Amino acid sequence: ILELRLVQATLFKNVLEAISDLFSKANFDFSGTGLELQAMDTSHVALVALLLRAEAFNHYLCDRDLSMGLNLADMAKAFRCANNDDIITIKAEEDWSDTVTFTFESPEDGEISIFDFDFVGTNGVPLEIPEFPESEYQAKVRMPSAKFMRICKKLSSFGDSGDRDTVVIISVDKECVNFFTRGKTGTSTIVCRQTQTVDKPKEPTLIEMKEQVSLAFDLRYMNSFSKGSTLSDQVTISLSSNLPAVFEYKIAETGYIRYYMLPRIEE
Amino acid sequence: SGVQLSIKEFYRSK
């Protein structure tokens, strides 16, 4: 039997908002450890992995590992009907008939909404994602997640928004990380310096560089990744010319959401 | 500019 409860719907609402525009289906793996979610976009360019440990839930009972594919668009629609302070219960029975039940209960007026979701195929996830040693990344940038989102928005407004293939070049050089994009009639560069932690101890921009690196990414994807900002105040971007870049948001002490994408390579 | 490689192929080959 699987039975989970969260006393505030916000966490799950934010997770769905952070993934449902780019990823249409996801694999949900429930085990004694917690929930692991994985999804890939239809072009197989980006991968998202989420971990919510059992401690993230107010009640967590999972006596047998359970894996299910679910349609994220349908789930996002259901969750938009849930209030932030609704109590969510997630249930699947032992003789599960390929469905999972999400219940939203309003603590104020006692109204209960029940959604049953059928399992769907997930085209190739979950994948085994090895964790590469830190030393294999040429640079690591940590910054406030709101700042990263703002940078993505600025670059998008400059690059022609109708162009689905706007490329952003992220380059790290000592104490600077630069975001560069080319619009129709010019270029745009946003320079972020490492900030002195004394000035703004809560919002540092930290740069760890082993060697200079300059990599190209599809801005459309980066924009979607920046929606993880509702889950964490900070984002860490790990860069390597021959590994997928990792955009990681830590979720309090209870897990993380990581987006993976390979840099574009020259033909 | 450049080519985008599939993340699926990358992890499958690991």
Side-chain angles (χ1 to χ4, degrees), chain A residues 22-23 25 27 38-49 122-132 136 159 163-170 180-182 187 214-222 224-225 240-247 258-267, chain B:
Chain A
L22 187 56
F23 306 95
K25 294 184 275 185
N27 189 79
Q38 222 189 78
M40 201 163 18
D41 74 302
T42 48
S43 321
H44 301 162
V45 168
L47 182 71
V48 64
T122 51
N123 304 331
V125 288
L127 291 165
E128 189 69 37
I129 308 175
E131 277 201 36
F132 296 103
E136 292 203 26
D163 179 7
R164 285 166 65 86
D165 298 322
T166 302
V167 165
V168 55
I169 294 167
I170 306 181
F180 171 89
T181 194
R182 189 179 292 279
T187 63
S214 188
L215 303 170
F217 297 99
D218 196 321
L219 179 57
R220 187 170 63 96
Y221 284 92
M222 247 176 57
S224 287
F225 300 167
S240 162
S241 41
N242 43 31
L243 292 178
V246 189
F247 299 76
R258 292 177 184 156
Y259 301 89
Y260 300 86
M261 176 168 56
L262 282 160
R264 297 178 76 94
I265 51 164
E266 290 305 317
E267 276 174 284
Chain B
S1 64
V3 178
Q4 181 69 58
L5 296 180
S6 153
I7 195 97
K8 186 177 180 179
E9 293 311 316
F10 177 86
Y11 283 118
R12 282 245 170 108
S13 66
K14 288 289 146 190

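As the structure is a prediction and not an experimental result, all values here were calculated from the model. To find a chain, count down the sequence lines: A is the first, B the second, and so on, and within it residues start at 1.
Residues passing the salt bridge (charged side-chain N to carboxylate O under 4.0 Å, His left out) test with A:Glu128, sequence neighbours excluded: none.
Once rounded to the nearest 0.5 Å, the distance linking CD of A:Gln38 with OH of B:Tyr11 reads 9.0 Å.
Side-chain contact between B:Phe10 and A:Tyr260: absent, with no pair of heavy atoms (C-beta onward) separated by less than 4.5 Å.
Of the residues listed (A:Ile265, A:Val167, A:Val45), the one engaging B:Gln4 in a side-chain contact (heavy atoms from CB on, under 4.5 Å) is A:Val45, and it is the only one.
Contact between A:Pro244 and B:Ile7 at its shortest, heavy atoms only, is CB-CD1, 3.6 Å. Nearest heavy atoms, A:Leu262 versus B:Ser6: CD1-O, 3.7 Å.
Heavy atoms of A:Ile129 lying under 4.5 Å from chain B belong to its backbone as well as its side chain. Residue B:Lys8 touches chain A through both its backbone and its side chain, counting heavy-atom pairs closer than 4.5 Å.
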TODO: Could you check B:Lys14 against A:Phe132 for side-chain contact (heavy atoms from CB on, under 4.5 Å), going step by step and ending with a plain yes or no?
DONE: CA-CA 11 Å; B:Lys14 288 289 146 190; A:Phe132 296 103; 4.2 Å; yes

